[in-house]
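Below is one structure, written out as structure tokens; the observations come after it.
One-based numbering, in listed order, for ligands and for the atoms of each. Note that these values count all heavy atoms, side chains included, but never hydrogens, waters or copies made by symmetry.
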Amino acid sequence: MRVGIIGGTGKMGGFFRGVFERAGHEVMVTGRTTKLHNQDLVEKSDVIVVSVPIHTTVPLIRDIAPYLKKDQLICDLTSLKEGPVNAMLTSAAEVIGFHPMFGPGVTSLKGQTILACPSRVRPASFQRLASIFRDQGARVVVTTPEEHDRLMAIVQALVHYSTLCMAETMRLMGTDIMKALECTSPIYRIEMGLIGRLLNQDPDLYGDMLTMNPHVPPVIHAFGEATTHLRSIIEQGDMQQFREMFSDNATTFESYQNSAVKETDDLIEFLVNR
Ligand SMILES: NC(=O)c1ccc[n+]([C@@H]2O[C@H](COP(=O)([O-])OP(=O)(O)OC[C@H]3O[C@@H](n4cnc5c(N)ncnc54)[C@H](OP(=O)(O)O)[C@@H]3O)[C@@H](O)[C@H]2O)c1
């Protein structure tokens, strides 16, 4: 199978180049400055993979869509799915949206999750691609573009938003990060680690995930309401309301609480013993 990765010179495209090559497929890539252009890559490939920055993805797919034929398959690796999948569906090709739920710094697909939206594809074509990922250790989870983007507004956007708010708060408070770290124990170090890790990533990627997902604004609005509510409880020193809020949320998290304690205990144990 000839696989063409548009954006294969980038981080995620480069990682998937390795995945397809390890599975024995011929891979060609384009970037903005490669000799090979997107249109030539499309003409020469059986499977076209789009892995460009989120804000570039839909316009780029619209540019190449007229050149795709029905015996070809187009997929993408974008962190959002509704826009890219709808754009891919304007072509004649088979269409799958993928979203790798990991950064390109991982060493392999072992233990990683890839979300998949098989939108207009024969079952055999989908299985052929999914088994390349599964054979290298990934879990492929099927979803729809709409469900994906709704879930990502919580799983990724809300988490990134609250993490950035914590960083911004510490900055506004003039916190000496190294001094604060000296006074932490592993559980707080895990939280601080997640903030430091996020701030080490590409701001454009995280900005696109927050600004281009239409399901994010209501989530951020609810976050604002939650902080206002909690602030008012704290400012009034209202322990009764605090317990109620705590218990309402404990009920929401009930089915995850035991594993949450176990998973974080394992992380703490790891940090203590490393
Ligand atoms: N990084 C992550 O943690 C992560 C995780 C999950 C999903 N993703 C998804 O992966 C995709 C790529 O992200 P990335 O982190 O790999 O970004 P990246 O490292 O900045 O790579 C972007 C790639 O797009 C290429 N590109 C930009 N415009 C192009 C054009 N018009 N034609 C051809 N190539 C073009 C760039 O080429 P040149 O720079 O060589 O010109 C580069 O190869 C995004 O859709 C993102 O949502 C990323």
Which bit of [X] is near ligand 1, meaning a heavy atom under 4.0 Å away: side chain, backbone, both or neither?
X	result
N38	side chain
T34	neither
D208	neither

Any donor and acceptor pair, going by atom type alone, linking the side chain of [X] with main-chain N or O of [Y] inside 3.5 Å?
X	Y	result
H229	E225	no
R22	R17	no
D40	L36	no

Could you check which of [options] puts a non-hydrogen atom nearest to [atom]?
atom	options	result
atom 30 (C) of ligand 1	T33, L60, I114, V50	L60
atom 23 (C) of ligand 1	G31, S51, G14	S51
atom 3 (O) of ligand 1	P104, G13, G105, P53	P104

Point to revise | Geometric N/O contact L205 with ligand 1, under 3.5 angstrom | key: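 Such a contact does not occur with ligand 1.
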Practice item. Please determine if R32 has a nitrogen or oxygen closer than 3.5 Å to a nitrogen or oxygen of ligand 1. Key: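 Yes; the residue has a nitrogen or oxygen that sits under 3.5 Å from a nitrogen or oxygen of the ligand.
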Are [X] and [Y] close enough that some pair of their side-chain heavy atoms sits under 4.5 Å apart?
X	Y	result
V47	M1	yes
H160	L198	yes
S51	D76	no
F246	D248	no

Protein heavy-atom partner closest to [atom] - residue, atom, separation in Å:
atom	result
atom 6 (C) of ligand 1	P100 O, 3.2 Å
atom 8 (N) of ligand 1	S79 OG, 3.6 Å
atom 21 (O) of ligand 1	G10 CA, 3.4 Å
atom 45 (O) of ligand 1	V52 O, 2.8 Å
atom 15 (O) of ligand 1	K11 CE, 3.7 Å
atom 40 (O) of ligand 1	T9 OG1, 2.6 Å
atom 25 (C) of ligand 1	G7 CA, 3.7 Å
atom 14 (P) of ligand 1	M12 N, 4.0 Å

Check your understanding: Should F15 be listed as contacting ligand 1, given a heavy-atom distance under 4.0 Å as the test?
Key ->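 In this structure, F15 fails to qualify as a contact of ligand 1 - no heavy atom is under 4.0 Å.
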Close-contact set for ligand 1 against [X] heavy atoms, below 4.0 Å:
X	value
G103	3 (O)
L77	7 (C), 8 (N), 9 (C), 10 (O)
I6	33 (C)
F102	5 (C), 6 (C)

Inspect the contact between [Y] and [X] and indicate whether a charged nitrogen and a carboxylate oxygen are less than 4.0 angstrom apart.
X	Y	answer
R150	E147	no
R2	D46	yes
E94	R122	yes

Exercise for review: Please confirm whether Y206 and Y161 have ring centers closer than 6.0 angstrom.
Suggested key: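 So the answer is no for these two rings.
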Practice item. Answer yes if the ring centres of F98 and F16 are under 6.0 angstrom apart, and no otherwise. Key: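 Here the rings of F16 and F98 have centres that are no less than 6.0 Å from each other.
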Review point. Cluster question for you: counting only ILVMFWY and a side-chain heavy-atom cut-off of under 4.5 Å, with indirect links fine, are V95 and I61 together?
Key: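 The answer is yes; both residues are in one hydrophobic cluster.
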